[in-house]
Protein chains: 2
Amino acid sequence: MTDDVQTPDLDALRAANPGHWRRAAAIRTLTLDAVAAANSGHSGMPMGMADVATVLFEKHLKFDAARPDWPDRDRFVLSAGHGSMLLYSLLHLTGYPEMTLEQLRNFRQLGAITAGHPEFGHAPGIEVTTGPLGQGISTAVGLAIAEENQRARFGRKIVDHKTWVIAGDGCLMEGVSHEAIALAGKLELSHLIVLWDDNGITIDGKVSISDVTDQRQRFKAAGWDVLEVDGHDPEAIDAALTQAQKGKKPTMVACKTHIAIGSSAQDTSKGHGALTDPDLIAATKRAYGWDHGPFEIPADLKAEWEAIGSRGAEERAAWDMRLASMGSGKKRDFERALAGEAPKRLSATIKALKRQMAESQPKVATRKSSEMVLEVVNPIMPETIGGSADLTGSNNTLTEGLGTFSADNRAGRYVYYGIREHGMAAAMNGIALHGGSKPYGGTFMCFTDYARPSMRLSALMGVPVTYVMTHDSIGLGEDGPTHQPVEHLAISRATPNTNVFRPADTVETAEAWELALTSARTPSVLSLTRQGVPTVRKDFTSKNLTAQGAYVLAEAEGKRMVILMATGSEVEIALKARDLLQQDGIGTRVVSMPCWELFEAQPETYRKRVLPAGPVRVAVEAGVQMGWDKWLFSERGRRDKGAFVGMEGFGASAPASVLYEHYGITAEAVAKAARALI
Amino acid sequence: MTDDVQTPDLDALRAANPGHWRRAAAIRTLTLDAVAAANSGHSGMPMGMADVATVLFEKHLKFDAARPDWPDRDRFVLSAGHGSMLLYSLLHLTGYPEMTLEQLRNFRQLGAITAGHPEFGHAPGIEVTTGPLGQGISTAVGLAIAEENQRARFGRKIVDHKTWVIAGDGCLMEGVSHEAIALAGKLELSHLIVLWDDNGITIDGKVSISDVTDQRQRFKAAGWDVLEVDGHDPEAIDAALTQAQKGKKPTMVACKTHIAIGSSAQDTSKGHGALTDPDLIAATKRAYGWDHGPFEIPADLKAEWEAIGSRGAEERAAWDMRLASMGSGKKRDFERALAGEAPKRLSATIKALKRQMAESQPKVATRKSSEMVLEVVNPIMPETIGGSADLTGSNNTLTEGLGTFSADNRAGRYVYYGIREHGMAAAMNGIALHGGSKPYGGTFMCFTDYARPSMRLSALMGVPVTYVMTHDSIGLGEDGPTHQPVEHLAISRATPNTNVFRPADTVETAEAWELALTSARTPSVLSLTRQGVPTVRKDFTSKNLTAQGAYVLAEAEGKRMVILMATGSEVEIALKARDLLQQDGIGTRVVSMPCWELFEAQPETYRKRVLPAGPVRVAVEAGVQMGWDKWLFSERGRRDKGAFVGMEGFGASAPASVLYEHYGITAEAVAKAARALI
């Protein structure tokens, strides 16, 4: 909180360190110019944090602008993503090739890499997509976990870098920040440093209208070191950033700043938004002692900044040498994991398991199937980092020998995330974004709700994390409707760039895991049962049928009159319904549809082969109908008739089998629905 | 954290206060018996917190078991909802009529009111549905806000009660608890008391494997008073609960307890789950000195408990007298709001606004339309409590004269929730559950993600809160894909018992608000534009057409060959597409579909009248297709052809008009899609 604000003396600040002042002013004026050009955006935050960011980039951040993909670079996360011009200015000034002046001029325009909020993948140097508040700081926890774990695996000479975060009041108010901070505190992630932009202003006004939290005390309570600094004093900032790297805990540096410093909107919520008034901008530039045109950076100043950009080149070159001299096996491991490539053995390992399962035909819950897969996968993929949000024994996410990731055991590959679904998902994003590690984590399917904002970012960023979501229907039973997902398959499927797998048995679960672990740019949601299900894929096929999204599991005998579609635990019901219908001479095909998204990606010829026109169609899934109409009626203008057997509302508390009967999700109901359509 | 645990001496505890011990043992043994009968559930928490709960009910909680609907009762919220047997035991023992022994015997069975987690609406005395962790404590903040606000309106003689919460470690780890605690601290909700079950155990093991948070320090940092107590010492508990009611801040009482006390599973994560082993149960009962059969409560003990249940009868009777002697106008107001009835004037007020808008035909954003509605509604509905998650000026949720709800102004009706979408949604649930107040709150549509867990509970509990979700598509523009909802209409519509309104103009917005404000048991999501839209309902109708969910906005001229369906900002596009088609002599009807759920609830005859078989159908909405197939192809076996014009993936950062062109959501594209189908 910064209710009593003293106006800073800009002339004095400038006189005290003219070189620094000019470098920081470049950030401030580029921000003013870009926001004015876009006629939208957030000016005040980059203006307020320019001093801190300048000192960070100039003296502390380990980076080489010419090699933004240097694996051992420090990670910089702008959690307060609305201040995107701070990041874009820094990337431009320090000489990241992609971040041209033209891109800054096109701030917030279609096709530019300078989106309203930083978008991962748009340009090197943007480590994380931020903007939804609290996500950056929480994702940074994952970056720091990956760094610690890889340092333990590959040694300090190869992995030894920091994760720096700039977070605003909004980030710290969001609930996910609590989960992230507590997790980082417990894990003693000393390479994580959060620079809090303590400007006392939010969109609605002063922070004090909605918050009285003592952030320093709060971070201390969570196991952090806390420092405080005048965010406009470069020497003090330098000292604080030096100190922040020394402790054995994560460090929060409270940086007292003036939002929109030097403008007439300074220290006001107006300053939080877009400052586009030409007179205000002119007056502010005058106050900075800046007499250059819009987007104009004097050559000598640009040279100073570019020297900062190449400051790490030598260190980077030395690192290249160290990598080159690494043992070839270890080097191959490091580079393979970094490239996100699964080991060659993975395919054979999955096939062997599938063969074994097709033979033994176990009746187990698919959450147990998932564990069986992890048991063979984790030993051959040292890059996996598993975990659960306090449901380890229910999600079946822990396999032998992983070890607990902790301050005492950085080589441990299992994170006890605590009751923090949202923080876990954000951390998983960070682990994946870091490169070199492959995260998976579990909770109940219903609690995708808690993790939604980070799951959406997995999809938007295109990071291949794996969500192990068990207890995926009313099959959860007695815990009742608060814990029984009914709309969550629809929610996950509605999200772009997300593969939602609902495997029917151990074979499909193994196939789904193979696809999740080899996915390059798409996150996976594994929707898994609590209750036992039989093996339905009894004949071993080398081919990964789940990769096609849907396939014919059981063909009709005689004339094909009915197609039954199902996923997961309901495939068993469809097969039983088929038996009932076939007994009456009604030829019935059963299509298992473990992944709609992959089915949609198939050629039309394949889709039509699996779901040909003509037969009536019945879909069965223990969730809401939303989305199924597409498969029931999708081919335009066809005469197909369709029906859906599933849930119409929330579930209830009772044993699973009672609930399936109660809601009429039975083989008899499916057969009846089919008969009514013929 | 409670890593070093000393085993309590049960005999000593029993000897120190035999009466108390026996009363608490009744809770503990009913829990053991019910969990054993269900063969599932959570035994340890009710066993551990039985002493605290006994003292609370016996000496502090203001209630009258015979009149659970007494408006001035204290609210008791079991945030750690998995310990539901604690609540059910208390309700049974104190004599709530519905909570019979038979219900306890049927714990977790279909049709019983004793669900796995407490379900609001199942039985009086269950104030809030809990189980998804963190929800109870966060909803309680809303209960306390409503109490303060009504106390200011109706006086201490009518409204003066406490909100008590039992929360576990899980509740305090969830991010939403951070938002709730900080909000309560800022608002100085001194009538809110949280009893933290500090048992040091979660499902995965000791709390210390995932957390080192100093909860006392954390609550203090958020502006709370903090007390500590031995949770098995009834006198100390009594003193702490007395003290907790005295401060000027909300109070957290850290109750050190032993989970599953007295059993062999005490102080272990095994004790967190279902203790069903007969030998363990027998041994535990022996340790309690309890020698009665399963579900057997000696008559004298039951009588003791029932005396506790009627302890508040006198106070309640006095309150009845005070209410009776209240001024008739104020009394009517109080009772009307409590019944959740809108004032009679509401209908006329909405009609007047509609007439005015049909005449002036403004082109405004529907978020602005929403503000226009609130400007006429808030003055005639003193029960509304508005707010925003730090987007007041964007959500347009604040109207003149509401006043800021704060420690200094309890009569204020506007809550600055801060950047806490989740906490806001939970608080809104609490405000509505309290009775007598009607909450609405705003954020960006995209951030429904953050509020999801509480929005689901609104639907599951059936509380008629109103979510004002603005910036509801790519029309948000430059902020980019992190802030642009594409899947969120589908997500909201997939959720049972949720009315999702996407009004096209001010008239439909007024109708949607009327429906939201008169809803009895269904929450409403208002999906509103950032950008201006024209008035499309130019002819005044007294009837609320939005109540039908969908209706014919513009009829085809000539033979009806095409039906265009649209919602919100895309209705304008559909109307323009109709112009293009009609120019070519293609008869085109436009159907506005502001609320699918209400359309589905219409008789089939009406639905067929609006969407008759025959014409081709094109739907246009700036979101994903999921769900639309139902309207495009829904009537079984028909030859209707359909197409969808909308989004296929995430959006981008650019001005809104550029994005609509870029993604092809234009009148031309809609007309083209229709022509291709004819």
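Naming: A, B, ... by sequence-line order, numbering from 1 per chain. Predicted model, so just to flag it, every value in this text is computed and none were measured.
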Student: Checking B:Gln484 against chain A: side chain, backbone, both or neither under 4.5 Å from a heavy atom?
Tutor: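 Only the backbone of B:Gln484 comes within 4.5 Å of chain A.
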
Student: Of the backbone (N, CA, C, O) and the side chain (C-beta and beyond), which part of B:Tyr417 lies under 4.5 Å from a heavy atom of chain A, both, or neither?
Tutor: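 The backbone, not the side chain.
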
Student: So what's closer than 4.5 Å to chain A heavy atoms on B:His117: side chain, backbone, both or neither?
Tutor: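 For B:His117, heavy atoms of backbone and side chain both lie under 4.5 Å from chain A.
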
Student: With a 3.5 Å cut-off and no angle check, do the side chains of B:Thr498 and B:Arg493 form a donor-acceptor pair?
Tutor: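 Checked: B:Thr498/B:Arg493 side chains show no N/O donor-acceptor pair below 3.5 Å.
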
Student: Using non-hydrogen atoms only, which part of B:Thr129 is less than 4.5 Å away from chain A: side chain, backbone, both, or neither?
Tutor: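 Only the side chain of B:Thr129 comes within 4.5 Å of chain A.
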
Student: Name the member of A:Ala222, A:Ser210, A:Gly116 that forms the most heavy-atom pairs with chain B at distances under 4.5 Å.
Tutor: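 Sorted descending by pairs with chain B, the first entry is A:Ser210.
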
Student: Does this structure show an ion pair linking A:Asp390 with A:Arg420, if we count only N-O contacts that are shorter than 4.0 Å?
Tutor: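 The answer is no: the pair does not qualify as a salt bridge.
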
Student: Give a yes or no on whether a salt bridge exists between A:Asp479 and B:Arg108, defined as a side-chain N under 4.0 angstrom from a carboxylate O.
Tutor: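 Yes, charged N to carboxylate O under 4.0 Å.
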
Student: Which region of A:Thr392, side chain (C-beta onward) or backbone (N, CA, C, O), has a non-hydrogen atom less than 4.5 Å from a non-hydrogen atom of chain B, or is it both or neither?
Tutor: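 Both the backbone and the side chain of A:Thr392 come within 4.5 Å of chain B.
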
Student: Taking side chain as everything from C-beta outward and backbone as N, CA, C, O, which of these in B:Gln215 sits under 4.5 Å from a heavy atom of chain A? Side chain, backbone, both or neither.
Tutor: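 No part of it gets close to chain A.
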
Student: With only heavy atoms counted, which part of A:Ala180 is less than 4.5 Å from chain B, the side chain, the backbone, both or neither?
Tutor: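 Looking at A:Ala180, nothing touches chain B.
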
Student: What part of B:Leu172 lies closer than 4.5 angstrom to a heavy atom of chain A: side chain, backbone, both or neither?
Tutor: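 Contact with chain A: backbone only.
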
Student: With side chains defined as the heavy atoms from C-beta onward, is the minimum distance between B:Phe107 and B:Thr114 less than 4.5 Å?
Tutor: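 Yes, at least one pair of side-chain atoms sits under 4.5 Å.
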
Student: Would you mind telling me which of A:Pro453, A:Ser394, A:Gly418 has the largest number of heavy-atom pairs within less than 4.5 Å of chain B?
Tutor: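 Option with the top pair count is A:Pro453.
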
Student: Identify which part of A:Val415 has an atom lying under 4.5 Å from any heavy atom of chain B, answering side chain, backbone, both or neither.
Tutor: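 For A:Val415, neither part sits under 4.5 Å from chain B.
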
Student: Just so I know, are the side chains of A:Tyr416 and A:Ser388 near enough to count as touching, which here means a heavy-atom distance under 4.5 Å?
Tutor: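 No, every pair of side-chain atoms sits at 4.5 Å or beyond.
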
Student: Would you please say whether a donor-acceptor pair under 3.5 Å links the side chains of B:His178 and A:Arg218?
Tutor: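 Yes, A:Arg218 and B:His178 have a side-chain donor paired with an acceptor closer than 3.5 Å.
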
Student: Which atoms of B:Thr130 come close to chain A, meaning under 4.5 Å heavy atom to heavy atom: side chain ones, backbone ones, both, or neither?
Tutor: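 B:Thr130 touches chain A through backbone heavy atoms alone.
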
Student: Sort B:His488 into side chain, backbone, both or neither according to what part of it lies under 4.5 angstrom from a heavy atom of chain A.
Tutor: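 Side chain only.
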
Student: Tell me, for B:Ala652 versus chain A, whether the close heavy atoms (under 4.5 Å) come from the side chain, the backbone, both or neither.
Tutor: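 Only the side chain of B:Ala652 comes within 4.5 Å of chain A.
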
Student: Would you tell me whether B:His422 and B:Glu174 have side-chain atoms, one donor and one acceptor, within less than 3.5 Å of each other?
Tutor: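 Short answer, no.
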
Student: Could you tell me which portion of B:Pro118 (side chain, backbone, both or neither) has an atom closer than 4.5 angstrom to a non-hydrogen atom of chain A?
Tutor: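 The answer is neither part of B:Pro118.
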
Student: Using a cut-off of under 4.5 Å for heavy-atom pairs, which of A:Val176, A:Leu183, A:Leu391 has the most such pairs with chain B?
Tutor: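 Ranked by contacts with chain B, first place is A:Leu391.
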
Student: Relative to chain A, which segment of B:Thr482 carries a heavy atom at a distance below 4.5 Å: side chain, backbone, both, or neither?
Tutor: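 Both parts, heavy atoms under 4.5 Å.
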
Student: Please look at B:Trp596 and chain A and tell me whether the side chain, the backbone, both or neither of the residue comes under 4.5 angstrom of a heavy atom of that chain.
Tutor: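 The side chain, not the backbone.
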
Student: Which region of A:Thr202, side chain (C-beta onward) or backbone (N, CA, C, O), has a non-hydrogen atom less than 4.5 Å from a non-hydrogen atom of chain B, or is it both or neither?
Tutor: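 Answer is both: backbone and side chain atoms of A:Thr202 are under 4.5 Å from chain B.
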
Student: Select one option (side chain, backbone, both, neither) describing which atoms of B:Cys171 are under 4.5 Å from chain A's heavy atoms.
Tutor: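 Nothing of B:Cys171, per the 4.5 Å heavy-atom cut-off to chain A.
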
Student: Is it true that A:Thr397 and A:Tyr414 share a donor-acceptor pair across their side chains at a distance under 3.5 Å?
Tutor: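 Per modelled atom types, A:Tyr414 and A:Thr397 side chains form a pair under 3.5 Å.
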
